[in-house]
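The block underneath contains the structure these notes are about, expressed in structure tokens.
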Amino acid sequence: MPMSETPSNTRYVRELEGHLTALDTLSGTALGVLSAASGIYTYLGVRSLLDTDGALSVFAALAYSIAVSVGIFVFWTYLMRLLPAMRTARARLGLLGAMALGSVAIVAMSSWLNAAALAGSAAVEQHLAHTVQDYQGSLERANTIALAAQGLERDVARVRQSFQDLSEQEATGNLSGIAGRGAVFRVLRQKAQELEALEAQIVAQDPVIQSAFADGNAILSRMRALTVEPGPVESRSVEFSEEAVRLAGLITRLRQLSVAPLVARAAQDLSASVVLPRLNTDAETAAGQQATIDSVLEVLGQRATTLGEAAQAVETMTPPEEVSYTPISAADAVIRYAGNFVPSWAGAIAIDLLPAVLVLILVVTQGAIFDSRRRMPVEDTLTLGELRAAVAALRDVEADLPPPSPASRPTPLRSTAE
């Protein structure tokens, strides 16, 4: 190495060492402030997990937060002192592995609680909002199924009208050839009246379904308001839970208002339960009535199949999902909806792991100092103490040497004047 680089390396090393000396106190202070801040937010996060507000809970949360602060401070202090001093790759990798393991432990015991303190209320409100969406979907699905079942009223009315038309034809003699209100007429009127009663029952469900759906929307509006109202989220969650129970009961009621099972049973009974009247005593007339009744029963079977298929289509519709509101703590909400609170998570982790950047800075700086020292001559690296020790050692060596003989002494030079 050229000798011209020696003064430059010396000044470079002294400058870096001077910076480290000046920053040593600042680094410890900064590490203490970061540890204390992390402990405060950890305390707030622990308090959100505890159910009671007594002195024991406060003491427990305080003890945990102090332990976290001390642990963070000691952990990063060890690394700031030891990792930059390592000179072998194996030793540095070992301490880097310890730093990674310790960082994971810090995130597990502190960072998620810090995130709960930073965004816990917002995360719980997010949970309430998601629950409202789930309830809204369930309510709308239950109402859709109920309205689809109400649409069966048109199918029932069409079948009922067909039987009424056939009965009118029988009354005028256009069906069996025998005018009057005989056996065939009574069978047709019997089924028409059954379907008319079913139709009236379906129509009567309309205002009940509309009222239930309106009540459900009113409850949903109140639940939405609770998610954004000012004030502690814990008290709002209690009221939200009460409204959720009411809405769940209303959705169950709305599901029970579906008339599809009733129509399906009516379709099964349409052809199965026929009260056959007494036929005419005249054999020829009775034969004609029996043939007409057989045709009517065949028509009944066809109509019953059509009506049953329509009811089955409604019954096979995907039912609304079972929704139930589960209260959740701020810490659990932050973890469940972590994707929605990335800035809060980043801040919570950064306040714990920021000292890792300081450690890496020290590693790079100490490495630069070590590399520069290796390229400096030995005489430029000697300290005053080392120089004194070297002079003392040289004197000891000279004292142990024998005195030189007269012959070996150099002849003094004579002046020219002599």
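FYI, the numbering just counts along the sequence from 1.
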Evaluation steps, side chain to side chain contact (heavy atoms under 4.5 Å, CB included), between Trp76 and Ser103: CA-CA 10 Å; Trp76 290 119; Ser103 298; 3.8 Å; yes
Test log, rule side-chain hydrogen bond (donor to acceptor under 3.5 Å, both in side chains), inputs Thr306 and Asp155: CA-CA 9 Å; Thr306 303; Asp155 298 292; over 6 Å; no
Salt bridge (Lys or Arg N to Asp or Glu O under 4.0 Å) between Arg222 and Glu229, worked out: CA-CA 10 Å; Arg222 177 58 183 159; Glu229 281 185 358; 2.9 Å; yes
Worked verdict on Val124 versus Val334 for side chain to side chain contact (heavy atoms under 4.5 Å, CB included): CA-CA 8 Å; Val124 174; Val334 167; over 6 Å; no
Stepwise side chain to side chain contact (heavy atoms under 4.5 Å, CB included) test for Ile202 and Val263: CA-CA 9 Å; Ile202 295 175; Val263 174; 3.8 Å; yes
Evaluation steps, side chain to side chain contact (heavy atoms under 4.5 Å, CB included), between Tyr41 and Leu113: CA-CA 7 Å; Tyr41 283 105; Leu113 293 172; over 6 Å; no
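For the atom pair CE of Met80 and CG of Leu362, the computed distance is 5.0 Å after rounding to the nearest 0.5 Å. For the atom pair Met99 CE and Leu93 CG, the distance stands at 11.0 Å (nearest 0.5 Å). How far CD of Gln133 is from CG of Leu128: 11.5 Å, rounded to the nearest 0.5 Å. The CD1 atom of Ile106 sits 7.5 Å away from atom OG of Ser111, with the distance rounded to the nearest 0.5 Å. Atom-to-atom distance recorded for Ile209:CD1 and Leu254:CG is 6.5 Å, nearest 0.5 angstrom. Taking CG of Leu79 as the start and CG of Leu360 as the end, the distance is 9.5 Å to the nearest 0.5 Å.
Using a 4.5 Å cut-off on side-chain heavy atoms (C-beta onward), Leu257 and Phe213 make no contact. Put simply, the side chain of Arg92 reaches to within 4.5 Å of the side chain of Val363, judged on heavy atoms. The shortest distance between side-chain heavy atoms of Leu34 and Ile72 does not fall below 4.5 Å. Taking the side chain as every heavy atom from C-beta outward, Val107 and Trp112 never approach each other to under 4.5 Å. When side chains are defined from C-beta on, Ile66 does not count as touching Tyr43, because their heavy atoms never get closer than 4.5 Å. Contact of the Ile145 side chain with the Glu315 side chain is not registered, since no non-hydrogen atoms from C-beta on lie closer than 4.5 Å. A heavy-atom distance below 4.5 Å is not found between the side chains of Ser27 and Leu31. Put simply, the side chain of Ser221 reaches to within 4.5 Å of the side chain of Arg224, judged on heavy atoms.
The heavy-atom pair separating Ser258 from Pro261 by the smallest distance is O-CD, 3.5 Å. Looking at every heavy atom in both residues, Ala260 comes nearest to Ala311 through O-CB, 3.7 Å. Leu44 and Ala117 get closest at one heavy-atom pair: CB-CB, 3.7 Å. Taking both residues in full, the closest heavy atoms of Pro355 and Ile351 are given as CD-O, 4.5 Å, listed atom of the first, atom of the second, then distance. The heavy-atom pair separating Gly102 from Phe75 by the smallest distance is CA-CZ, 3.6 Å. Counting all heavy atoms, side chain and backbone alike, Ala119 lies closest to Phe341 at CB-CD2, 3.8 Å.
The neighbour count for Glu239 CD, taken as heavy atoms of other residues, nucleotides or ligands under 6.0 Å away, is above 12. Around atom CZ of Arg90, no more than 12 heavy atoms belonging to other residues, nucleotides or ligands sit under 6.0 Å away.
Listed for the Gln205 side chain is no donor-acceptor partner under 3.5 Å among the backbone atoms of Gln150. Between the side chain of Ser241 and the main chain of Ser237, no donor-acceptor pair closer than 3.5 Å is present. Distance alone, capped at 3.5 Å, is enough to place a donor-acceptor pair between the His127 side chain and the Thr326 backbone. One N or O on the side chain of Ser69 and one on the backbone of Ser35 form a donor-acceptor pair closer than 3.5 Å. Remark: side-chain polar atoms of Ser211 are not paired, donor with acceptor, to backbone N or O of Val208 under 3.5 angstrom. Put simply, the side chain of Tyr64 gets close to the backbone of Met109: a donor and an acceptor are under 3.5 Å apart. A side-chain donor-acceptor contact under 3.5 Å links Ser65 to the backbone of Leu62.
Pairs engaging residues 113-131 under the salt bridge (Lys or Arg N to Asp or Glu O under 4.0 Å) rule: Glu125-Arg236 [sequence neighbours left out]. Pairs passing the ring-ring contact (aromatic ring centres under 6.0 Å, His included) check and including a residue from residues 230-257, sequence neighbours excluded, read Phe240-Tyr325.
For Pro319, the side chain to side chain contact (heavy atoms under 4.5 Å, CB included) test picks out Arg255, with sequence neighbours left out. With sequence neighbours left out, Glu243 forms a side-chain hydrogen bond (donor to acceptor under 3.5 Å, both in side chains) with Arg246. Residues that satisfy the side chain to side chain contact (heavy atoms under 4.5 Å, CB included) test with Thr365, not counting sequence neighbours, are Leu16, Leu20, Ile361, Ile369. Not a single side-chain hydrogen bond (donor to acceptor under 3.5 Å, both in side chains) links Arg253 to another residue, sequence neighbours left out.
Looking at Thr131 and Asp134, their side chains never bring a donor and an acceptor atom within 3.5 Å of each other. There is no side-chain donor-acceptor pair under 3.5 Å between Arg141 and Gln136.
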